[in-house]
Amino acid sequence: MAKQPQNAISPTRAEDFPEWYQQVVRAADMAENSEVRGCMVIKPWGYGLWERIQSQLDAMFKATGHKNAYFPLLIPVSYLEKEAAHVEGFATECAVVTHHRLELKDGKMVPSGELTEPFVIRPTSETIIGAAFARWVQSYRDLPLLINQWANVMRWEMRTRLFLRTAEFLWQEGHTAHETPEDAMEETRKMHGVYETFLREHLAIPVIPGEKTEAERFPGALNTFTVEAMVQDRKAIQAGTSHFLGQNFSKAAGIEFESRAGQREFAWTTSWGVSTRLIGTLIMAHGDDDGVIMPPRVAPTQVVILPVTPKEDTKAAVLEACDKLASEIRAQSFHGEPILVEVDDRDLGGGVKNWEWIKKGAPLRLEIGPRDLEKGSVAVARRDRAPKDKEFLEAGSLAGRIPEILQSIQDGLLERALAFRNENTKRIDSMEEFRSYFTPSNEEKPEIHGGFAFAHWGGSAEDEERLQKELKVTIRCIPTSGDLCEEEAGECVFTGKPSARRVVFAKSY
RNA sequence: CGGGGCGUAGCACAGCUUGGUAGUGCGCCUGGUUUGGGACCAGGAGGUCGUAGGUUCGAAUCCUAUCGCCCCGACCA
C-alpha cells in the first residue's frame with residue numbers, strides 16, 4: 001500500500017497557492033464550476049456557510065435599523081445611463097437581455113420577440129432602487145430610508161474564480177437615503193464598522209478599515225470605504241465596501257424631498273455590500289494544507305460526532321451514546337444559538353469520514369468507540385490542531401465544555417490571522433526597499449512574497465497607475481481606524497512630497 | 001482581448017512524436033476478509049478520446065477550424 005501523503009491537499013499553499021485554493025474548494029465540497037461560463041454551483045457545505053454569514057449579518061443590519069426588500073433582477077438600460085460615472089464603470093461588464101421569447105426554428109430555439117428597450121441583468125442596484133426611492137421619498141419625514149436587499153447580481157468578468165470572482169454572485173446591498181450629508185456619511189461609516197466587526201468577530205479575519213483613493217472608488221461615489229483583509233499568499237482582498245454617494249444618484253433618479261425649511265432638496269444616499277467573496281476570503285485566510293478551517297461562529301456544522309464501530313455487537317451502544325452526546329451538545333448554546341452538531345453515521349470507513357470533515361473544516365470532531373464507552377471518554381480533535389492530535393475528555397462533562405472549546409478555536413484563528421498579517425506588514429521608507437519588497441525572486445513562477453507595505457504617499461492618480469503597471473501594487477486604503485491607523489507626517493516614498501499619514505500598499509485580488 | 005498551458009471514464013492522468021480502433025490509479029457496484037481508522041482480495045459497471053470538418057484502407061494519435069477550461073496580464077466585489 002502506498003504511503004498516504006502527510007496532508008490532504010496537493011499542491012500545498014507554498015507550492016502553488018492558486019491551485020491549492022481550487023483544490024480546497026473541491027475537497028471541501030463547497031462549490032463547483034457549472035456548465036454556464038463563469039457561474040458556479042454552490043454545494044450544501046458552501047451554501048450552508050453562506051446561510052450562516054447571511055443570518056448573522058442580517059441580524060446586525062436589523063439591529064442598526066435596516067429593513068429588507070427586494071427589487072427586480074432586470075434594469076432598463078436607460079436607468080444606467082442616468083449617472084455618467086456609473087455607466088462608465090459598469091457598461092463593459094453588463095449582461096444584456098434583448099428578447100423575451102423563443103421560437104423553434106430548424107430544430108433550434110431562437111429568440112424572436114425583440115424588446116423595445118433592452119434590460120441589463122443587475123450588476124448592482126443603485127439605479128433601480130434609486131427609482132423606487134424617488135417614489136417613496138416625499139418629505140424629510142420619510143428619511144432616513146434604510147433598506148437592504150439580499151440578491152444575486154451578474155458581472156460579465158473576463159476571468160473568474162470560484163467565490164472570488166464569478167459572473168453571477170450572491171450578495172447583500174444596502175441602500176439608504178438621508179436628509180443631510182452628515183447623516184449619510186454617518187451611515188456609511190456605521191456600516192463600514194459593522195463589516196469590520198463581522199469580519200473580526202464572526203469570520204475571525206482581522207481587517208484594515210480605510211478609505212479608497214479616487215482611482216479605486218466605486219463608480220459614482222464620492223467616498224468609498226473598504227475593509228481590507230490579508231490572505232495567506234500575502235495579497236490583499238477587499239472584503240466589504242461602504243459608499244457615500246452624495247447626491248449623485250439622487251439627482252440621477254430624482255430622489256427629492258421637501259425639507260424642514262420647506263425647500264425641495266435632493267437626498268443624500270449610501271450603498272454598502274458584501275458578497276460570496278467572503279467565502280473565498282475565509283478559505284484563503286484560514287485554510288491549511290489539509291483544507292478549509294471554518295471559524296466556529298459561521299461553521300454550518302460546528303461539532304461532528306464520528307461513531308467508531310469496529311464490532312457489530314457494540315455498534316448499537318456506540319450509536320446510542322453518540323446520539324445522546326449530540327442532544328446534550330445541541331442543548332448548549334454558542335453566541336446565543338444552539339450548537340450545530342451532526343452525527344456522521346454513514347456506512348463508510350472511519351478514516352475516510354474523518355478526513356472528509358478535516359477537509360471541510362468542521363471545528364470539532366468527536367469520536368466515540370467501544371473503549372470510550374467502557375472508560376467514559378470521548379476523543380476530541382480540534383481542526384486548528386494537527387489531524388492526529390486528539391485529546392480524551394470525560395464524556396459526562398464534555399457537552400458543557402463545548403462552547404468554551406469552540407470559543408478558544410474562534411479566538412485562536414483570529415490571533416493566528418492577526419499574527420500572520422502583522423508579520424507580513426512592513427513600514428517602508430525608501431523606494432528601493434519598496435521595490436524589493438514587491439519583487440518576487442523567481443520571475444517565472446513568482447513565489448509568495450510581499451505583504452502590506454505601510455508607506456507615505458503624496459502622489460497623483462497617474463503616479464498610482466504607474467505603480468500598478470510597474471509592480472502590480474495598489475493603494476489598498478488610507479486607514480481610518482484600528483491599530484494601523486496613525487497620523488504621522490512624513491515624505492512620500494515616490495515623489496518626496498509631504499504626506500500626512502501612511503497608507504497601505506499591496507498586491508490584491 | 002493579449003501571452004502560456006490543457007481538453008481521453010465521476011476525479012487525476014498515461015497513450016499522440018513513430019496512425020491499426022483505449023489504459024492506469026482513485027472513486028463507484030457486488031461478494032468475501034478486515035476494523036480506533038484515509039484497509040485488503042476477487043469480480044464488475046462506466047469512455048462515439050471537447051466539437052466539426054479534412055487526409056487515410058484505417059485517426060485519441062496527422063491537418064484545419066471552432067468551443068471550453070486553467071495560469072499570467074488588462075477589468076473588477
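Since the model is a prediction, treat every value here as computed from it, not as a measurement. Just so it is clear: chains get the letters A, B, ... in the order the sequence lines come, proteins before strands, and each one is counted from 1.
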- G36(B) C1' sits how many Å from K388(A) NZ, rounded? 11 Å

- Note on the structure: S275(A) has its side chain closest, among C69(B), A77(B), C71(B), to A77(B)

- Task: Classify the side chain of K390(A) versus the base of G37(B) as yes if they form a donor-acceptor pair under 3.5 Å and no if they do not.
- Result: yes

- Would one find a side-chain N or O of R161(A) under 4.0 angstrom from OP1 or OP2 of C71(B)? yes

- Item | Evaluation steps, side-chain contact (heavy atoms from CB on, under 4.5 Å), between F198(A) and V227(A) | CA-CA 11 Å; F198(A) 177 76; V227(A) 285; over 6 Å; no

- Mutual orientation of the aromatic rings belonging to F61(A) and Y195(A) [parallel < 30°, tilted 30-60°, perpendicular > 60°]: perpendicular

- Message: From the set G36(B), G37(B), C72(B), return the single nucleotide nearest to any side-chain atom of P18(A).
- Response: C72(B)

- Message: Rounding to an integer number of Å, can you tell me how far R346(A) CZ sits from G37(B) P?
- Response: 19 Å

- Note on the structure: Which of A74(B), G36(B), G38(B) is nearest the side chain of V352(A)? It is G38(B)

- Item | Nearest listed nucleotide, side chain of V308(A), among C72(B), A77(B), G37(B) | G37(B)

- Determine, for E19(A) against R13(A), whether the closest basic-nitrogen to carboxylate-oxygen distance falls under 4.0 angstrom. no

- Query: Is the aromatic ring of W171(A) within stacking range of A77(B), meaning centres under 5.5 angstrom and planes under 30 degrees?
  - Reply: no

- Message: Quick check on RNA chain B: between D372(A) and T160(A), whose nearest nucleotide comes earlier from the 5' end?
- Response: D372(A)

- Query: Considering only U35(B), C71(B), C69(B), which nucleotide approaches the side chain of P310(A) most closely?
  - Reply: U35(B)

- Of the candidate nucleotides C71(B), C11(B), C75(B), which contains the atom at the shortest distance from the side chain of R26(A)? C11(B)

- Query: More than 12 heavy atoms of other residues, nucleotides or ligands under 6.0 Å from CD of E214(A): is that the case?
  - Reply: no

- Q22(A), nearest nucleotide to its side chain (from C71(B), G38(B), C76(B)): C71(B)

- Query: Of the candidate nucleotides G36(B), G38(B), C75(B), which contains the atom at the shortest distance from the side chain of R165(A)?
  - Reply: C75(B)

- Query: Should the pair F505(A) and W457(A) be assigned to parallel (<30°), tilted (30 to 60°) or perpendicular (>60°) ring geometry?
  - Reply: perpendicular

- May I ask you to verify if any side-chain N or O of Q23(A) is less than 4.0 angstrom from the OP1 or OP2 atom of C70(B)? no

- Query: Out of C75(B), C69(B), G36(B), which has the shortest distance to the side chain of N33(A)?
  - Reply: C69(B)

- Message: Could you tell me how far apart M191(A) (CE) and A77(B) (C1') are, to the nearest whole angstrom?
- Response: 17 Å

- Task: Look at the side-chain N and O atoms of K353(A) and state whether any lies under 4.0 Å from the OP1 or OP2 oxygen of G38(B).
- Result: no

- Item | Contact nearer the 5' end of RNA chain B, comparing G38(A) with P307(A) | P307(A)

